[in-house]
Protein chains: 2
Amino acid sequence: MPRAGLTPALVIAGAADLADEVGFDRLTLAALAARFGVAVPSLYKHVDGLEAVRRGVAIAALGELGAALAAGQAAAAEAPPAERLRVLAHAYRAFATARPGRYAATVRAAQPDDAEHAAAAGSALHVVLAVLGELGLTGDAAVDAARGLRALLHGFASLEAAGGFGMPRDVDESLDRIVDAYGRALTLSTERAHPGSDVAPPAPG
Amino acid sequence: MPRAGLTPALVIAGAADLADEVGFDRLTLAALAARFGVAVPSLYKHVDGLEAVRRGVAIAALGELGAALAAGQAAAAEAPPAERLRVLAHAYRAFATARPGRYAATVRAAQPDDAEHAAAAGSALHVVLAVLGELGLTGDAAVDAARGLRALLHGFASLEAAGGFGMPRDVDESLDRIVDAYGRALTLSTERAHPGSDVAPPAPG
DNA sequence: CATTGTGGCTAATGACAATAGCCTTGTCAA
DNA sequence: TTGACAAGGCTATTGTCATTAGCCACAATG
């Protein structure tokens with residue numbers, strides 16, 4: 001029996017690819033083992049069962065998502081905040097459509113006591129918060145804005161992934177308009193009545 | 001063997017309740033049969049397998065969601081559009097948190113050829129489009145707005161359900177602010193450059 | 001009272017996750 | 001060089017679940 005040369009990282013990476021191919025919910029140890037040409041129980045030498053594989057994919061995917069968002073921001077470093085917001089939104093959507101299995105994994109909530117998973121989510125969120133900061137948002141307003149933006153992006157991406165946009169309208173353009181509108185609303189909000197009590201910790205959210 | 005008196009509708013209703021209790025993804029024929037005090041294969045006399053149960057729950061839940069949204073709008077019939085938008089958002093969130101299993105079912109996309117499922121989704125969407133119409137949105141702008149609003153509401157609800165809001169900030173107030181901001185952005189958009197080419201059919205989206 | 005269809009059932013099959021325990025291979029130290 | 005040992009494969013087994021096949025009882029209908 002020649003060694004297959006598996007490692008935990010390899011198994012997780014293979015699982016992520018498999019999830020992109022067949023869907024995160026159809027990720028199965030049987031299929032994963034087959035992909036490596038190995039018997040199912042062999043996987044248990046590297047990974048602690050299906051749930052651990054899913055968690056591993058989630059953490060890895062959150063890292064990749066954060067990196068993709070950061071790369072987009074770096075490429076638009078000189079652009080004005082509104083444009084950077086648009087770039088962020090498109091990078092998010094691009095990740096979700098190009099890597100649907102990984103993206104689905106990023107949406108699963110971390111267990112309350114799972115610090116590593118929470119940290120991965122937080123690092124992806126960091127990029128979003130940075131862009132919002134450029135729009136001059138602090139305190140409660142920043143929290144609201146982060147919630148809303150993540151909701152908007154996630155909702156858009158997941159509805160699109162689920163085929164929920166059955167309307168004859170270009171999706172890219174829709175996203176532009178929606179994000180522009182949202183950004184405009186945010187900056188208007190700051191000029192109004194919500195002075196922002198104090199800076200909230202950028203917990204995963 | 002006394003008859004259990006099952007019907008397809010009863011089975012679906014029980015499945016919806018079970019989904020609310022244990023989560024839509026943990027909906028299982030075994031648990032469903034146990035809930036009715038019946039052997040698993042008996043369910044097949046009423047329902048065409050697990051996937052059909054899921055679909056049935058989705059269709060039923062979409063109907064209930066649409067009814068809940070409509071009821072909220074009826075109760076706020078005299079309120080100004082911005083307030084009605086806020087009411088809509090809160091009704092949506094209330095449904096999602098009170099009936100998480102059913103709500104999760106509503107998010108699953110219909111199969112492309114599943115007219116009944118698509119119709120159920122469309123009827124729920126109808127309420128949303130009506131409120132947007134009150135804001136004076138037509139054509140492409142209305143399509144964009146519907147996409148964005150559904151994305152916003154779904155994203156908010158699903159992230160909250162997943163425990164994604166780890167920040168110390170009242171969630172109800174966040175939702176108010178976000179929806180207000182979005183509504184403001186929408187009405188601003190209409191006053192600007194997008195005159196809306198033609199009315200798009202209210203397909204499920 | 002005979003018939004028939006409906007709605008239960010048991011039994012069997014097959015996918016999958018998970019655990020237990022074996023056996024080989026490669027490494028590292030005596 | 002060799003011997004021990006850990007790592008990383010494996011087979012076998014168990015248990016959960018969905019699904020299908022086919023039986024049987026009951027109740028309604030004539």
Side-chain angles (χ1 to χ4, degrees), chain A residues 1-61 101 104-105 108-111 114 117, chain B residues 1-61 101-102 104-105 108 110-111 114 117:
Chain A
M1 321 295 153
R3 300 278 167 114
L6 298 183
T7 66
L10 266 178
V11 172
I12 296 300
D17 290 344
L18 181 58
D20 282 339
E21 290 165 16
V22 305
F24 186 70
D25 48 320
R26 286 200 246 246
L27 179 58
T28 194
L29 290 187
L32 186 55
R35 159 178 288 252
F36 286 118
V38 133
V40 174
S42 306
L43 298 175
Y44 283 80
K45 296 285 174 161
H46 306 282
V47 128
D48 217 28
L50 179 61
E51 202 46 46
V53 170
R54 294 204 263 241
R55 172 180 176 272
V57 172
I59 291 174
R108 286 168 63 96
Q111 291 300 108
D114 188 341
H117 192 163
Chain B
M1 322 296 155
R3 300 279 166 112
L6 297 184
T7 67
L10 266 177
V11 172
I12 296 299
D17 289 343
L18 181 58
D20 282 339
E21 290 164 17
V22 307
F24 186 70
D25 48 319
R26 284 200 246 245
L27 180 57
T28 195
L29 290 187
L32 185 56
R35 157 178 290 252
F36 285 118
V38 132
V40 174
S42 305
L43 298 176
Y44 283 79
K45 296 286 173 157
H46 305 282
V47 130
D48 216 28
L50 179 61
E51 202 48 45
V53 170
R54 292 192 183 124
R55 173 180 174 270
V57 171
I59 291 174
R102 284 172 164 89
R108 286 168 63 95
Q111 291 300 109
D114 187 341
H117 192 163

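So you know, we letter chains A, B, ... as the sequences are listed, proteins then strands, and number each from 1. Computed from heavy atoms alone, side chains included, the values below leave out hydrogens, waters and symmetry copies.
Across the protein-nucleic acid pair, A:L43 atom CG and D:dT11 atom P stand 13 Å apart, rounded to whole Å. D:dG9 atom P lies 12 Å from atom CG of A:L32, rounded to whole Å. As rounded to whole Å, 18 Å separates atom P of C:dT6 from atom CG of B:L10. As a whole-Å value, the separation of B:L6 CG from C:dC9 C1' is 13 Å.
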Shorter than 3.5 Å, N or O on both sides, protein versus nucleotides 16-22 of chain D: list them out with atom names.
residue: D:dC17; atom: O3'; partner: B:T28; partner atom: OG1; Å: 2.9
residue: D:dA18; atom: OP1; partner: B:T28; partner atom: OG1; Å: 2.8
residue: D:dA18; atom: OP1; partner: B:L29; partner atom: N; Å: 2.8
residue: D:dA18; atom: OP2; partner: B:T28; partner atom: OG1; Å: 3.3
residue: D:dA18; atom: OP2; partner: B:L29; partner atom: N; Å: 3.1
residue: D:dA18; atom: OP2; partner: B:A30; partner atom: N; Å: 2.8
residue: D:dT19; atom: OP2; partner: B:Y44; partner atom: OH; Å: 2.6
residue: D:dT19; atom: OP2; partner: B:L50; partner atom: N; Å: 2.8
residue: D:dT19; atom: O5'; partner: B:Y44; partner atom: OH; Å: 3.0

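Residues B:A105 and B:A58 come closest through the heavy atom pair O-CB, 3.4 Å. Across all their heavy atoms, A:E51 and A:R108 have their closest contact at OE2-NH2, 2.8 Å.
Contact annotation: A:H46 does not reach the phosphate of D:dA7 (side-chain N/O to OP1 or OP2, under 4.0 Å). Considering only side-chain N and O atoms, A:S42 lies under 4.0 angstrom from the phosphate OP1 or OP2 of D:dC10.
A side-chain contact (heavy atoms from CB on, under 4.5 Å) with A:L32 holds for exactly one of A:V40, A:I12, A:V11; it is A:V11.
A donor-acceptor pair is defined here as one N or O able to donate and one able to accept, closer than 3.5 Å; no such pair exists between the side chain of B:T28 and the backbone of B:A31.
A salt bridge (Lys or Arg N to Asp or Glu O under 4.0 Å) check over residues 11-20 of chain A, counting only residues at least two apart or in different chains, returns the pairs A:D17-A:R102, A:D20-A:R99, A:D20-A:R102. Sorted by first and then second residue, the pairs that involve residues 25-39 of chain A and meet salt bridge (Lys or Arg N to Asp or Glu O under 4.0 Å), not counting sequence neighbours, are A:E21-A:R35.
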